[in-house]
**Student:** 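Structure in C-alpha cells, see below.
In what follows, chains are A, B, ... by sequence order, proteins preceding strands, each numbered from 1. Computed from heavy atoms alone, side chains included, the values below leave out hydrogens, waters and symmetry copies.
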Amino acid sequence: MAFAAVSEKYSGKMREMEVGAGDKKVLVGGQASMPFCSFDGDLGNKPIIAMEVYDVVDPEWPAAVVDPFKDVINDPVAWAKKNVEDYGAKMICLQLLGTDPNGENRDADYAADLTKKVAEAISVPLMVWGSGNVEKDGEVLAKICETCAGMNLLIGPAVEENYKKIAATALGYGHCVVSQSPIDVNMAKQMNILIGNLGLPLEKIIMEPSTGALGYGVEYTYSVMERISLAALSQNDEKMQCPMINDMGKECWKSREVKLTDVEEPAFGPDMEKRGVLWEAMTAIDMLLSGSNLLIMRNPHAVKLTEEIIDELM
Amino acid sequence: MSRIVIGAGIRGSHVVVDRVEGKVNAAIEKYGVDKAVGLPNTAYYLPTIYGITGIKVETLGDMPAIIKKCRELLAEVPAEDCWLPYLGPGLDSGMATAFAFDLEEALKYLEDPCPYLASKEDPEETDPDIWLGAADDIILRKRGVEFVDGSAPGFAAIVGAAKDVETAIKIAKELQEKSIYVFMASHSPNGVSFAQQLVEGGVQIGWNTRLVPFGYDHSAAIHAIGFAVKAALTFGGKTPGDHVNVLKYIKNRIFAFILALDEVVDEQYAAACGAINFAVPVIADTDFPEVLPTGVCTYEHVVTNIPQEEIVTKGIEVRGLKITVSKIDIPVSYGPAFEGERIKKDAMHVELGGPKSMGFEFAYSKPLDEVEDGKFTVVGPDMKDVEAGGLLPIGIWIELAGRKFQEDFEPILERQCHHLLNGAEGVLHIGQRDIVWMRVSKKAFDAGFTLKNFGTILHAKMHNEFGAIVDKVQVTIYTEEEKVKELLEVARKTWVQRDNRLADMIDETTDTFYSCTLCQSFAPTHVCVVTPERPGLCGAYNWLDCRASYEINPHGPNQPIEKGDTIDERLGKWKGVDEFVVPASGNAFESFAAYSIMEDPMTSCGCFEAIGACLFAANAIMVVDRDYTGETPCGMPFSTLAGTVGGGLQTPGFVGISKFYVGSKKFISAEGGIKRLAWLPKALKEASKEMIDKRGEEIGIPNFYDMIATEENGCTEEEVMAFMTEVGHPALEMDPLM
Ligand code: SF4
C-alpha cells in the first residue's frame, strides 16, 4: 500500500503585521499552518529576532551578556547600532527598565528622547518595552508614541490595566501594540477585543502570552501559544489571528541555572557562557515551535544559533 | 409639538445659508477665486464638510459648490398646518447649516486681524481676545487620545450664557470634575458669552483646563462638530465622505451634548438641527417644545426647560455618557491588597452592625430622575460621635439608576459591597444582606475617614466596574437604631421577592441561556451552559449572574445562547445550545444534555463544587462534595473522582455539578431526578436539608431526606443497597440506569 502523508487542513491564517516605516519596514507573522509544518500550509514570514538594548543595565547580569556589549553598554544608542551592524539584528527592542518608579524612575521625556535617538540611529525597526509598572508604562509609552509619531514602532506591553492609554496613543500616532495577557487563552483573546474596540486595527496588534523561560514555566507558555495557534488556524477565530511575540531574553538570563558558577554547582560545569547561550536558544526554539513570530533575545550567539535553526527549518 | 423647533431650525438654516453665501461672494470679489482658505495646521480641510462629503475646500473658488449643496439640502419651512414628518427635512437643513458654518468660520481666517488665536492651547492675558477657533491637528491628536482611552468621557458644547457668573462657574466646575471637555461658542441674545463669564469669574480657560473657548459667533459652534469629525477620521480610520460611518463613529464614541443656555434664536435652532445629525442632543434651560423620540441620537434629541443647576446631570443622562471616577477620594489607601486585612478589637475605632448590633446593606434601583448621583448622606451619629471602640448599628442604603439597569442586577451589585468596601485600608466588612458586620480602624479614623466615605467608595467603584449598567449611585448610611430597624424591614421584603424571582424562573419559559467559558484557561474544551435551573458547576455563576456579566462585559466569557428548537425535552437538548457548544468547545463536542448524567452530560472543568456519579448496581446515583475526603460508594474518593471526570471532558455516568443544583427540579431529571439520589456525605446532606425536604414534598415522598445514606450507613455500594432496601428507596423501583 502506498504511503499517503496526512495533512492538516486549516481554515484560518495569522495576520501579517508591518512594523517600522519606509525602508525600515518588516513583516511579521502571516502563517497558515502550525510552525514549520510546511506540508500543511504556508509558513508566512520567517520568525524575527529582536535584540535587546537596555537604558539601564542590572549589575547582576552574567558576563555572557555583558561582554559582547562591553564598550557600549552604557550607551543605548551605540548598543543598538552595534547589535544591528556587528550582530546583524533585524529589529531592536529598547527595554526601558530605567523608567521603573521602584528603580531609577527616569521620566517620560527622557524615555521619549532616548527612543527617538535610537530609532533614528538604526536601519531596522524599533520596538519599545516599558518597565512593567502599569501606571508608569502608560505614561511613558504614550509620550513615546507622541514623540515618535509616524515611525510605526512596536509599543508594549499593554495590559488590562493600562491598555487604553497605550493603545489609544498608538492609534493616534500610528504605532503597533503588544497586547500582553497573563498565560490565559481567554484573556489573550479578550485583550485583543478590548484593544480592537478602541479602534486600533487587529493588524496592529501582536500578542505576548507572558513568557516563562526554560525551567520556569516554558511549558505553560508553550501550551497557551499552541492553543492560540490552533484557535486561529483550525477554528478560524479572527480575534486570535494576531501574531505572537515572546519577551524571553530577560526571563532566561535571570534564571538560577544561568547564573550559578561551577563552584556552587559542580555538575553544571565551568562554561557559563555556553550554558546561558543554550538556555536562551532552547527557550527560543520552544517558543518558535508553539507559534511565536517574534522573539526578544539578548545574547548574540544565542540569536545566531536560533536563526540558524530557523533557516534550517524553513 | 417639535414641529415648532424644526420649523424654527429650517427658518434659521435659510438665514444662515443666505448670509454665508453673501460672505463667500464678497470674499471672492475681494480676494479672487484662487485665494487659499482653510483652518490652520490641518490635513482635514474644513473638517465637517470634508468628513461628510469628502469634498476638499482649499480655495475660495471651492466654496460656491458647497453653498449649492446647502441649497439642495435646505427644506421649505413647514406650513403652520403641515403635520407631515418633519424630522428628516429638519436634519437636512441642519446639515446645510453645519456646512455653511464651516465655510463662515474658514472665512474668519482671512480677516485681518484674525479673530482667533490660531494653534494656541490657552489664551493668555496679553492676548487681544480669548477665542481660540478650530483645534488644529496637533491639539486634536493630543486631546483626541483622551476620548479614545476614556480619560475624557465626552464633551459638552455650551452655547449662550449662564444666568450669572456664579452659575457659569458652577456648571464649568461640575463638568470639569467629571473630566468632560467644555467647548464654548456663541452668546446669549444680550451679547454675553459663557466663556467671557468664566474669565470674569477668574477661571482659567483653554485646552489645559478643558474649558475651550472656540468663538463668539454662533457659527463657532461648528468647531465642536469639526473636532468630533476629525476624531472619526483620525482615530476611527473612517474615509472622508463615508458619512454613514463617520456619523456612526461619532455617535458611538464621541459622547457629546449641547447645553443651550438662555433664550434660543432661530439660528441656534438651525445649529441644533445640525447637531442632531451627529447624535448630539440639545438640553436647554428655556421652555420650548421638546423633540423626544429617539432614533438619531442615542436617547432623546431635544430636552428643554431644565434649570441651569441640573442641566449638567441631565446632559450626561440624555447623552448616555459614562462617568468614570479616576481616583477614589478617601483619606486612606484603596486596593486589593487591603481586602484580606483584619482589624483587631483594640485597633478598631468603631464596630458597625455584627452580632452585638444590627447591620444590613441594600441596593435597589429607581427611576433616573429620583437618584442624585454622587450624593452621600449619613443619618445618625458618625465615627466622630462615638468613643474609640464604640458600637453602632448600620444600614447601607444604595440607590441606583441607569438606562440599562434591570431589577435583576440589584442583588448582583448589592453583593459587591463586600468586596468593594473591603478594599479600603482600615475597613473590614463581613457578611451580606442582614448579617453585615464591619469595623473601621483607629488609624483610618485618625486619617479622617468618615462613614460618608463608604458612599464615596461605592459610588466610584460601581461607576468604574459596572458603568455599563449603572449611571447614578446615591448612598445613605443610617446609624440610628430606629431608622435601621425600619428600613431593614423594607429590605427584607425585597429580599424575599428577589429569592422568589429566581426560584420562579424555569428553563422552559426562558429563551436565552448563558455560556461560561472562564474555565477554558485550564480546561480548554470545557463549556458551562447556565440555565435558570442549572447554575454553573462551580456554584459561583447562576443564570442572573451570567446575564449581568454579559451586559457589563459583552466580550467576556459569558455569552447569550438562544436555545432555539428543542431537540429532546427530557434530556435537555436544544438546537441553539448544540450549535454553540461545537465551536465553543473547539470542536471537541457535538451535543450537550443539560439534565442527563448518562447521555452527553455537560463537561466538567475542575472547579465543580460536587460530583454526581452513578451507582449502577444500586440503580442510583451519589453526590460527593469537595469537602468530604473519605471513601465513597463508587469506589473513589472525591480527589480521584475529580481527576477522572475533570479537564473538560464528557464522562457518561459522572458529572460535575454545583451543590445548589441538587435541589433543582432539573437535577438529572432525565434519569428521574432527585429520586435517584441514594448517597451524600453527611455534612453535605445536613447542609442541604431544607432543599431536599422541599424536593421531597414535591415528589410526594416527604421523608425522602431520611432515605439518603451517608458515610455513617456505609461507603460501599453493597452497604448503600442494603440501606436502600431497608428504607424502601424509590430508585430501586425505577428503570435501569443503563
Ligand atoms: S465552572 Fe464556573 S467559572 Fe468555570 S466555566 Fe463553569 S460557570 Fe464558569
**Student:** Got a sec, which residues hit salt bridge (charged side-chain N to carboxylate O under 4.0 Å, His left out) with B:Lys461, two or more places apart in sequence or on another chain?
**Tutor:** B:Glu465
**Student:** Tell me, out of A:Gly174, A:Pro201, A:Ala168, A:Ser223, who's got the most heavy-atom pairs with chain B below 4.5 Å.
**Tutor:** A:Ala168
**Student:** With sequence neighbours excluded, what pairs up with A:Lys116 under the salt bridge (charged side-chain N to carboxylate O under 4.0 Å, His left out) test?
**Tutor:** none
**Student:** Let me see the working for A:Asp113 and A:Lys117 under salt bridge (Lys or Arg N to Asp or Glu O under 4.0 Å), right down to the final yes or no.
**Tutor:** CA-CA 6 Å; A:Asp113 187 52; A:Lys117 281 196 192 124; 3.1 Å; yes
**Student:** Ignoring hydrogens and geometry beyond distance, is a side-chain donor-acceptor pair present between A:Asn133 and A:Ser131 at under 3.5 Å?
**Tutor:** no
**Student:** Sub-4.5 Å heavy-atom contacts with chain B: which residues of residues 187-194 of chain A show up?
**Tutor:** A:Gln190, A:Ile193
**Student:** Going by side-chain hydrogen bond (donor to acceptor under 3.5 Å, both in side chains), name the residues that satisfy it together with A:Asn105, two or more places apart in sequence or in a different chain.
**Tutor:** A:Lys136
**Student:** Taking side chain as everything from C-beta outward and backbone as N, CA, C, O, which of these in A:Asp237 sits under 4.5 Å from a heavy atom of chain B? Side chain, backbone, both or neither.
**Tutor:** neither
**Student:** For the NZ atom on B:Lys248, are there more than 12 heavy atoms of other groups (residues, nucleotides or ligands in this structure) within a distance under 6.0 Å?
**Tutor:** no
**Student:** Can A:Thr211 and A:Asn246 be counted as having a side-chain donor-acceptor contact under 3.5 angstrom?
**Tutor:** yes
